Amino acid sequence: MPVANSGAKMTATLITRVLGVSALAATGLMAVLGLVISPPDVVQGEAVRMLYIHVPSIWIAYGGFALTSISSILFLRRSRRRPDQGRHYDRLAGSAAEVGVVFTAITLITGMLWGKVTWGTYWQWDARLTTTVLLFVTYLGYLALRRLPAEPAVRSRRAAVMALISFINVPIVHYSVDWWRTLHQKASLSVGRRPEITGEMYWTLLYSALAVTILATWLIIHRYRVIRLEELRDEEGLEALIASRLNKDFGSH
Amino acid sequence: MSAVVEFEGVVCVAGSFPVLTGLDLRVDRGEILHVQGENGAGKTSLLRACAGLISVSSGKASVLGFDMRVDRKAPRRHIGLLGHENNLYRDLEVSKHVEFRAASVGARASDTAAALEKVRFPQQLWSVPIGSLSAGQRRKVAIASLLVGRPQLWLLDEPHAALDTESRKNLDAILIEASASGATIIFVSHESPVTKEIASRVITMDGGRITEDSGAG
Amino acid sequence: MLAEIFLVARKDLRVERRAKIALGQVAPLALLILMVFAFALDANTSLLERGAGGLYWLAVLYGGTLLIQRSFDVETDDGNMDALRMSAIGMPSLFLGKALALFVQITVLELILGPGILLLYNVGVVDWVLLIAAAIAGTVAFSVCGVLWGAMSAGLRVRATLLPLLLVPVLAPVLLAGSRAFETALGVRAGAGWTWAGLMFVIAAVHTALGLGAFGFLLEEG
């Protein structure tokens, strides 16, 4: 099938290639810093290295879900009267949620491994772990809703509403589970409080956050473009269909 | 005459399929418009576009004076739509159902009896659950549910389906009376011999557009 | 608006009274679930007594999900949703009306499950006021979330599996809070029963506000 705009055929541009190479280099350096250069912890020993992937991942996941919610609000505002408007916000919401789900999974897996080493079990009914699992399942449901065979306008609108409600629900879930039981150590880094980790570990963690952010941005841009291409493919099918229906009419006269 | 429906180059898309492909149509107040065409010609989509249930992706569209590209919900309460389905709650009793439909469009529930009598629905069945009625009787309840709301625009998809000859004639009489009192009627039907008599104008659709119009020129 | 809310609720309850799904099918099924919990826990009375609150809300979750599904199947059947879209009923009224009808139905379900746990699990109530307040708070939260997520999956072919997947994570805090509040009311756990009940009211309020704003988006097509 011919593509109207050949530039749109590809998902890579110069900027994203640079971004991709940066992401690769940054995560490589992150591995070196996290696994070799930073020192083992006094209490936790080598297991502390899990920190550099575990903590930035959940930051990125929350960032991704926040982006999903903001895009969903903008999508609902734009498409309120004209369902064909604001679809770029819908695409952004979908790609950010996908990346968010992947990083939530990374957080869960590293968290469980870390738990095995430090607590002796993979699973603890700890507040943040439980909240994260609920968050993971919620956004899996969101992605399931996005993939359903239904009218695209209906599906996008329902998904946007779900993204909005789910995000508002996150603090409620967190608060109630947190209250239920708390075993987990306090937040590793937070505003207004002295971080419990210092020196090389602190800088390695901050650097890891930067590296993971570059990686996530690169992934979101590519997912966005792939979704755009899928829509383009459908639209070209649409134009061809209108043309063929019109041709059929001319033929019959 | 004032236009009730005014469509210019209207394109509507369902999923990724174009159901209306640049349709032009003007229907004036009091007209009884018969829409015909083969299966898949876009007849049902035309009705749903008039009802504001599907959105117009390009072209100009106004119904009852409301711009459908600005607010397609605005004219809805003045429109009576009867699709392939009857829109009936099968567990409700006949009269309760019609009362609910009346109240839901802001009409008086006390008009229920008159509406059911007008479609000649047998009185001994008024308190029977809709689920136990025959297809023809359900169609009558559906028509009564529209009638009770006194719509300014009637959009009917095969309204005569499942009705016997007597009931068809009665429905035609109801439509003529509504039109005489200022309502506009657009109906889709394959059964032209019965319905040609009441239609003031006939259009034929193909490929999502109008190919013949008895009222043109 | 109040008239519209009652119009919708009355219609839903009249449909239910005719069809008798809640009383005839869902309530017996939920009772059966209380029985099989006892099988699963080997009729260990001390375990059942301690878990009674949680098992009660699990049975409500199960039965409630079926009622939510039913509430929207009635609307998508025979194209009824089209008639609602064409009507003058505002979307916020439709949301509150359906939530009210669901609240009544789930309350009936709970009036059967409540004596069920008292008899089957041999528990006694030490704080009736807390028990009733928690039951009402939980049921309101349940109904409001139910209508919101029922609309989310309404009319989709996969709704039977999609609805529980979307609903359970959202209702998890209600389940948690309801269980803890009931445990306090049933005297098996000393604790902040009232705070948990309050949390459920907050959840109900948040979702009501969300539903009032978002319901229209969920039911529009095309």
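Just so it is clear, the model here is predicted, and its values are computed rather than measured. Letters A, B, ... mirror the listed sequences (proteins, then strands); counts begin at 1.
- Atom CZ in F182(C) sits 4.5 Å away from atom OH in Y56(C) (nearest 0.5 Å).
- Between the side chain of T184(B) and the main chain of G30(B), a donor-acceptor pair closer than 3.5 Å is present.
- Of all residues spanning residues 17-38 of chain C, those with a heavy atom less than 4.5 Å away from chain B's heavy atoms are R18(C), A19(C), arranged by number.
- Put simply, of R76(B), K73(B), R77(B), R48(B), the one with the most heavy-atom pairs under 4.5 Å next to chain C is R76(B).
- Between the W57(C) side chain and the A177(C) main chain, no donor and acceptor come within less than 3.5 Å of each other.
- Taking 4.5 Å as the heavy-atom cut-off, the residues of residues 65-80 of chain C that approach chain B are R70(C), V74(C), E75(C), D77(C), D78(C), G79(C), N80(C), ordered by number.
- To the nearest 0.5 Å, the span separating CD1 on I210(B) from CD1 on I203(B) amounts to 4.0 Å.
- Checking side-chain atoms of R72(B) against main-chain N and O of L53(B) turns up a donor-acceptor pair under 3.5 Å.
- Contact count versus chain C (heavy atoms, under 4.5 Å) is highest, among H78(B), R90(B), E85(B), for E85(B).
- Considering only heavy atoms from C-beta on, Y121(C) stays 4.5 Å or farther from L41(C) through its side chain.
- Counting heavy atoms from C-beta outward, V4(B) and Q152(B) have side chains that stay 4.5 Å or more apart.
- Residues V10(B) and M68(B) fail the side-chain proximity criterion, which asks for heavy atoms closer than 4.5 Å.
- Along residues 88-119 of chain C, the residues that come nearer than 4.5 angstrom to chain B, judged on non-hydrogen atoms, are A88(C), I89(C) in order of number.
- In this structure the side chain of H160(B) reaches within 4.5 angstrom of the side chain of D172(B), judged on heavy atoms.
- Identified by a heavy-atom distance below 4.5 Å to chain B, contributing residues of residues 142-155 of chain C are lacking entirely.
- Judged by distance alone, the side chain of R29(B) and the main-chain N or O of S179(B) form no donor-acceptor pair under 3.5 Å.
- Using modelled atom types and a 3.5 Å distance limit, the side chains of S167(B) and N170(B) yield no donor-acceptor pair.
- Residues D12(C) and Y89(B) form no side-chain contact, since every pair of their non-hydrogen atoms from C-beta on lies 4.5 Å or further apart.
- Across L82(B), L88(B), I79(B), the residue that shares the most heavy-atom pairs under 4.5 angstrom with chain C is L88(B).
- In this structure, the side chains of L133(B) and L125(B) come closer than 4.5 Å at one or more pairs of heavy atoms.
- Between F187(B) and H34(B), the two ring planes are parallel [angle under 30°; tilted spans 30° to 60°].
- Proximity to chain C is absent for every atom of E99(B), based on heavy atoms less than 4.5 angstrom apart.
- Without hydrogens or angle criteria, R138(B) side chain to G131(B) main chain gives a donor-acceptor distance under 3.5 Å.
- Using a distance-only test at 3.5 Å, with no hydrogens or angles considered, no donor-acceptor pair links the side chain of K43(B) to the main chain of V35(B).
- Residue L156(B) forms a side chain to side chain contact (heavy atoms under 4.5 Å, CB included) with just one option from L81(B), I186(B), L175(B), and that option is L175(B).
- Using a distance-only test at 3.5 Å, with no hydrogens or angles considered, no donor-acceptor pair links the side chain of R150(B) to the main chain of A183(B).
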